[in-house]
Every structure is written in C-alpha cells, then in structure tokens.
There are 2 protein chains.
Amino acid sequence: MAESREINIREFLANHHIRPSQQRVAIMEYLLANKTHPTVDQIFEQLSVDIPSLSKTTVYNTLTLFSRHGITLVLTIDPRNLRFDSDTSTHAHFLCEVCGELHDIFLSKEQKEALQLLTRCEHQILDTQLNHKGVCKECRTHARYQV
Amino acid sequence: MAESREINIREFLANHHIRPSQQRVAIMEYLLANKTHPTVDQIFEQLSVDIPSLSKTTVYNTLTLFSRHGITLVLTIDPRNLRFDSDTSTHAHFLCEVCGELHDIFLSKEQKEALQLLTRCEHQILDTQLNHKGVCKECRTHARYQV
DNA sequence: GTGCTTGCAAATCGTTTGCAATAGC
DNA sequence: GCTATTGCAAACGATTTGCAAGCAC
C-alpha cells in the first residue's frame, strides 16, 4: 500500500519534471495525506521523525519548487505563517481568529460560477484566493471566546 | 484646506472612539491620501519627514488599533509584508508578481452580488478578501519580464 | 564527473514586546 | 493628575542566503 503510493508520487513528480528525491517524495506524500494546510514547521517536525537529517531549508526549497510547478498552493491568508495546500482545485479558505484553525470551504457549482465571474480583469490572473476570517463553527458553539 | 481635513479626521477618529493623537491623525491622513496599500515601512518613511520622532512601533500600534475598530483593512495578499487599506468597501486586489504593485480591482454590481453568494458558510465570517496574483497590464504590455 | 540537491549556519527583516518617558483630556 | 499613548531597544521568529558536502544520473 504505502509502497505503491510512494511509487505513484515518484511518477507524479517525474511527470512534472521534478526529480523525485527521498525528501521531495516524503513532503508531497505528507501534503497529500494531511490536507490541513500545514506550515513549514509542522511539515518539518513531522517528517523529521522518519528523516532525522531533514533540514528546514529543504522543506522551504521543496515547497517553493512545488508551487513554481503549480502542484502546490502557497496560502497567504495567515499573516503569521505561510500555509501549503496540495489541493489545487477551486475552493475557498476560512481562518478562525479564535483557534487559528484553517478550514477548507468547498464551493457549490453555483458558487464556482460566481467565482469564475470574479476572476476576469484587465490583468493576467495566474492565481486567485478567496479568504475568509472570523469565528469558526466549533469556537462559536463551544463559546470558547469572550466578546 | 489641509486644516479642515485634519479637523475632519480628528472627528472621524473621535467618532470611532479613538483618541486623535497627532500620530494617529497623520497616519489616517496618509492612508486616505495614499490608496496604494502601503506597507508599515512606507508609511513610516513618509511620515518621518514631518514627524521625525515617529516610531515604527507607533505605526504598528496605530494600524492594529485602526483595524480592530474596522476603519482599516489589513491585507495579507503579499507574503512579504502586511499592507493597509483605508478603503473598507467591497473590492478585490491584484498583486503583480513582476513589479510587486498591488492594484485595486473594483467590482461591478453583478460581481458584488457574486461575491455576496460566496460569503455564506457555516462559520461566522467577519472579513473576506478576494486576492488575485499574476502579471499586471503594465508589465505585460511593456514586456518587462521574461518567460 | 558533472550538475542537482541537501543541510548547516548565519544573516535578514518584518513584527512584537517590555518598559520608561511623554502627552492629552 | 491620571491614564492612554508614544518611542526606544531588545527580542522574536519566519524566511532567505551562502556555501560545502553528498547524491544521482
């Protein structure tokens, strides 16, 4: 299982003209398995367990490489850290200002069409991000915050 | 002219329960006059000419205060710096990855309705930002960049 | 063996914090 | 006069850079 997945990832990277080093495969595998928009630190901490020699520089290099090749998104919604997302399909994001959690907001067909209408302008758009901030469902219902 | 504008800004801040200190008035005046989504550094450099004692800490404090009171937006589109915007009306932004310029994208009535449709979800949304990145009109036509 | 990739250490730089001096109601 | 605000200096922390060692074709 894990082995065939790794082979798929190697092929996936190779198809995108990215040499599939151990580190790169591990990072892409992590991103695909953890759709939590991890920070560089989170990726680094987790993967360091299996790859003790891993350097944070390599994580930065790899994520920059992935995003240049369009197989990873760099999310700028969180002013504290960059966040990374291997889901490059059309969706929005919601950052909870109470718990800091970053949620995906998947869009209906109607909403995707609406977004389509919003991605036309005089400039050449290469990337669009729809970012919401506020208080997430969990934090509201659990009333973990004070006004 | 300048004097009456300053008085208006003092009143504007007072109406929002913000004590109108010299620095705060100057920063708000700058933001209203320069709708270029300036960084903290740009605001600081410019205002330092007239207020030599100004501290960058005060610029940070003031902008944080303004955004807490909802009279200024903190834009997170540019991963390099926070950007500030005194135009809190509904509009999108475009960051040119060639020249670094941050442009306003004003929306048609239709587009505003489309965005309205996109700002409904299970969480409590307090702020929404629609961010585009790519190559701006000027950089495309002047072919200042290489592929 | 040549060039790409990695990883260490240091540098960089935007932002935050602690605290004493100051200003404004 | 009292409290809110300012400004300095230091700390912090995310990201970048330079470079030497290692790896893969």
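Residue numbering restarts at 1 for every chain, and letters A, B, ... go by the order of the sequence lines.
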Legend entry - A:Arg19, nearest nucleotide to its side chain (from C:dC4, C:dT6, D:dG7): C:dC4
Legend entry - A:His123 and B:His132 aromatic centres sub-6.0 Å: no
Legend entry - Whole-Å gap separating C1' (C:dT12) and CG (B:Asp41): 13 Å
Legend entry - Rounded distance (nearest 0.5 Å) linking atom CG of A:Asp85 with atom CG of A:Leu63: 11.5 Å
Legend entry - N/O (side chain, B:Arg10) to phosphate O (OP1/OP2, C:dC25) under 4.0 Å: yes
Inset, instruction - Write down the distance between CG (A:Asn61) and P (C:dA9), rounded to a whole number of angstrom. - result: 17 Å
Legend entry - Minimum-distance nucleotide to B:Thr57 side chain [options: C:dT15, C:dG7, D:dA9]: D:dA9
Legend entry - Aromatic plane relationship, B:His103 with B:Phe94 - under 30° parallel, 30 to 60° tilted, over 60° perpendicular: tilted
Legend entry - Nearest-angstrom distance from the residue atom CZ of B:Phe44 to P of D:dC8: 8 Å
Legend entry - Phosphate OP1/OP2 of C:dG7: any A:Thr58 side-chain N/O under 4.0 Å: yes
Inset, instruction - Starting from P on C:dT15, measure out to CG on A:Asp78 and report it in whole angstrom. - result: 13 Å
Inset, instruction - With DNA chain D as reference, determine whether A:Leu82 or B:Arg24 sits nearer its 5' end, using the nearest nucleotide of each. - result: B:Arg24
Legend entry - Rounded distance in Å - CG (A:Leu65) to P (C:dG7): 15 Å
Inset, instruction - With heavy atoms under 4.0 Å as the rule, sort B:Gln23 into base, sugar-phosphate or nothing. - result: sugar-phosphate
Inset, instruction - Would you classify A:Thr39 as touching base, sugar-phosphate or nothing, given that sugar-phosphate means primed atoms plus P, OP1 and OP2, and contacts are heavy atoms under 4.0 Å? - result: nothing
Legend entry - Atom pair distance, as rounded to whole Å: CG in B:Leu54 and C1' in D:dC8: 13 Å
Inset, instruction - Mind running salt bridge (charged side-chain N to carboxylate O under 4.0 Å, His left out) on B:Glu122 and A:Lys137 for me, showing each step along the way? - result: CA-CA 6 Å; B:Glu122 57 182 355; A:Lys137 199 175 57 171; 3.0 Å; yes
Inset, instruction - For the residue pair B:His37 and B:Asp78, confirm or rule out a side-chain donor-acceptor distance under 3.5 Å. - result: no
Inset, instruction - Using atom CG of B:Leu63 as one end and atom P of C:dT15 as the other, report the distance to the nearest whole Å. - result: 10 Å
Inset, instruction - Using only side-chain N and O atoms of B:Ser53, determine if any of them is under 4.0 Å from OP1 or OP2 of D:dG7. - result: yes
Inset, instruction - Measure distances between side-chain N and O atoms of A:Ser21 and base N and O atoms of C:dC4, and say whether any donor-acceptor pair falls under 3.5 Å. - result: no
Inset, instruction - Please report, rounded to the nearest Å, how far the P atom of D:dG13 is from the OH atom of B:Tyr60. - result: 16 Å
Inset, instruction - Remember a base hit wins even if backbone is also touched, and classify B:Arg83 as base, sugar-phosphate or nothing at under 4.0 Å, heavy atoms. - result: nothing
